[in-house]
**Student:** 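Structure provided below as structure tokens; questions to follow.
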Amino acid sequence: MSASVTSNNNQDEVLTIQKQIHEKKTSILDSTRRMLGLISESEAIGTNTAVELVQQREQLENIHERCRTIDANLVDAQRNLNKLGSVFGGIKNYFQPPKSTISKSTSQPQISNGEKKKIAATQNATAAAITTRPTNVKDDTDTYFGKSRSAMDDMERETEDGLHDIHLGVNRLKFLALQMNQELEGQKPLMDNIHRDLGVLHDDVMKKNKSMKSM
């Protein structure tokens, strides 16, 4: 009788432990699924942001080109003002028009070679990590659970695969962030140029207005 009671108690303990293990596995699997969902959302947001950054560069380049066009128009305006101010001076300035105050160089400031090497090294390392699976799909113990996949149940396999996908997703996000940072760094000199050109154009317009009022 006592042996039967002991056996029942042992079975109850085993069932309790199995229930706890199942609940723990379920909790881990749910967390893995939520994490995968967050990574997917983050990748979508990151991709949209990257597209907007590319569009922003195009807009900045258009603004920079318009600054050059406005500057050329101001040069023509100055030549006409000179012609109106003095007949002889106008003839001279007609053949020798004032030079543009904005640099005509079409080259964009470049990131230093040291920075390029640093970015390239980081990107190569990240790209390599993206293509490297942290766990082995073969039937061995190189897994997150520390046991062969054949010994796992369906819940463990799904969690194993989910953890692997999280690893790859985080690496993709890191690579995407590096790409966006590089794009932002590349846009800084362009914005500096625009800021400088706008300042030059402002000064030129003020001078032209002053010249017109003094005529």
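The figures here come from the full heavy-atom set of this structure, side chains too, leaving out hydrogens, waters and symmetry mates.
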**Student:** Counting heavy atoms not belonging to Met35, are there more than 12 under 6.0 Å from its CE?
**Tutor:**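 No, not enclosed.
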
**Student:** Go through the structure and list residues passing salt bridge (Lys or Arg N to Asp or Glu O under 4.0 Å) with Arg157, not counting sequence neighbours.
**Tutor:**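 So Arg157 forms a salt bridge (Lys or Arg N to Asp or Glu O under 4.0 Å) with Asp154.
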
**Student:** If you measure from OG1 on Thr49 to CD on Gln179, what distance do you get to the nearest 0.5 Å?
**Tutor:**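 The OG1 atom of Thr49 sits 14.0 Å away from the CD atom of Gln179.
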
**Student:** Hey, quick one: are Ile166 and Ile28 part of the same hydrophobic cluster, counting side-chain heavy atoms closer than 4.5 Å, chains of contacts allowed?
**Tutor:**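 No, Ile166 and Ile28 fall in different hydrophobic clusters.
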
**Student:** Got His202 and Val205 here, is their nearest side-chain heavy-atom distance under 4.5 Å?
**Tutor:**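 Counting from C-beta outward, His202 and Val205 never come under 4.5 Å.
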
**Student:** So which residues get pulled into Ile17's cluster when ILVMFWY side chains under 4.5 Å apart are joined, directly or through others?
**Tutor:**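 The other cluster members (ILVMFWY side chains, heavy atoms under 4.5 Å, direct or chained) are Ile21.
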
**Student:** Tell me, with the steps shown, if Arg33 and Glu158 meet side chain to side chain contact (heavy atoms under 4.5 Å, CB included).
**Tutor:** CA-CA 9 Å; Arg33 289 169 175 169; Glu158 183 179 351; 2.9 Å; yes

**Student:** Roughly how far, to the nearest 0.5 Å, is the CG atom of Leu36 from the CG atom of Asp165?
**Tutor:**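 Between Asp165 CG and Leu36 CG, I get 6.0 Å after rounding to 0.5 Å.
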
**Student:** Running the 4.5 Å side-chain criterion over Ile, Leu, Val, Met, Phe, Trp and Tyr, what cluster does Leu29 land in, apart from itself?
**Tutor:**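 Reading the cluster by chain and number, Leu29 sits alongside Met155.
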
**Student:** Main chain of Leu53, side chain of Gln187: is a donor-acceptor contact present, judged purely on distance under 3.5 Å?
**Tutor:**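 Side chain of Gln187 to backbone of Leu53: a pair is present.
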
**Student:** Between atom CG of Asp197 and atom CD of Glu65, what is the distance when rounded to the nearest 0.5 Å?
**Tutor:**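 Going from the CG atom of Asp197 to the CD atom of Glu65 covers 10.5 Å.
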
**Student:** Measure the shortest side-chain to side-chain distance between His167 and Asn171 over non-hydrogen atoms and say whether it is less than 4.5 angstrom.
**Tutor:**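 A side-chain contact exists here, since the closest heavy-atom pair is under 4.5 Å.
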
**Student:** Rounded to the nearest 0.5 Å, how far does NE2 of His64 lie from OG1 of Thr69?
**Tutor:**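 Those atoms lie 11.0 Å apart.
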
**Student:** To the nearest 0.5 Å, what is the distance between CG (Leu176) and OG1 (Thr47)?
**Tutor:**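 Leu176 CG to Thr47 OG1: 5.5 Å, rounded to 0.5 Å.
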
**Student:** Give every residue pair that meets the salt bridge (charged side-chain N to carboxylate O under 4.0 Å, His left out) criterion with at least one member in residues 43-56, sequence neighbours excluded.
**Tutor:**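 Qualifying pairs: Glu43-Arg172.
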
**Student:** Checking Arg34 against Ser31: is there a side-chain donor and acceptor pair closer than 3.5 Å?
**Tutor:**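 Their side chains do contain a donor-acceptor pair, which is all the 3.5 Å distance test asks for.
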
**Student:** Are Val54 and Glu58 packed together at the side-chain level, in the sense that at least one heavy-atom pair is separated by less than 4.5 angstrom?
**Tutor:**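 In contact.
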
**Student:** Under the salt bridge (charged side-chain N to carboxylate O under 4.0 Å, His left out) definition, can you give me all pairs with a residue in residues 20-29, not counting sequence neighbours?
**Tutor:**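 Counting only pairs at least two positions apart or across chains, the salt bridge (charged side-chain N to carboxylate O under 4.0 Å, His left out) contacts touching residues 20-29 are Lys25-Asp153, Lys25-Glu156.
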
**Student:** When you group the ILVMFWY residues by side-chain heavy-atom contacts below 4.5 Å and let the links chain together, are Leu198 and Ile63 in the same group?
**Tutor:**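 Yes, same cluster.
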
**Student:** At what distance, to the nearest 0.5 angstrom, does CD of Glu13 lie from CD of Gln11?
**Tutor:**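 Output value for this atom pair is 11.0 Å.
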
**Student:** Report the hydrophobic cluster partners of Val51, with the cluster defined as I, L, V, M, F, W, Y residues connected by side-chain heavy atoms closer than 4.5 angstrom, directly or transitively.
**Tutor:**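 Under the 4.5 Å side-chain rule, Val51 groups with nothing.
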
**Student:** Any heavy-atom pair between the side chains of His195 and Met191 that's under 4.5 Å?
**Tutor:**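 Met191 vs His195: side chains apart.
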
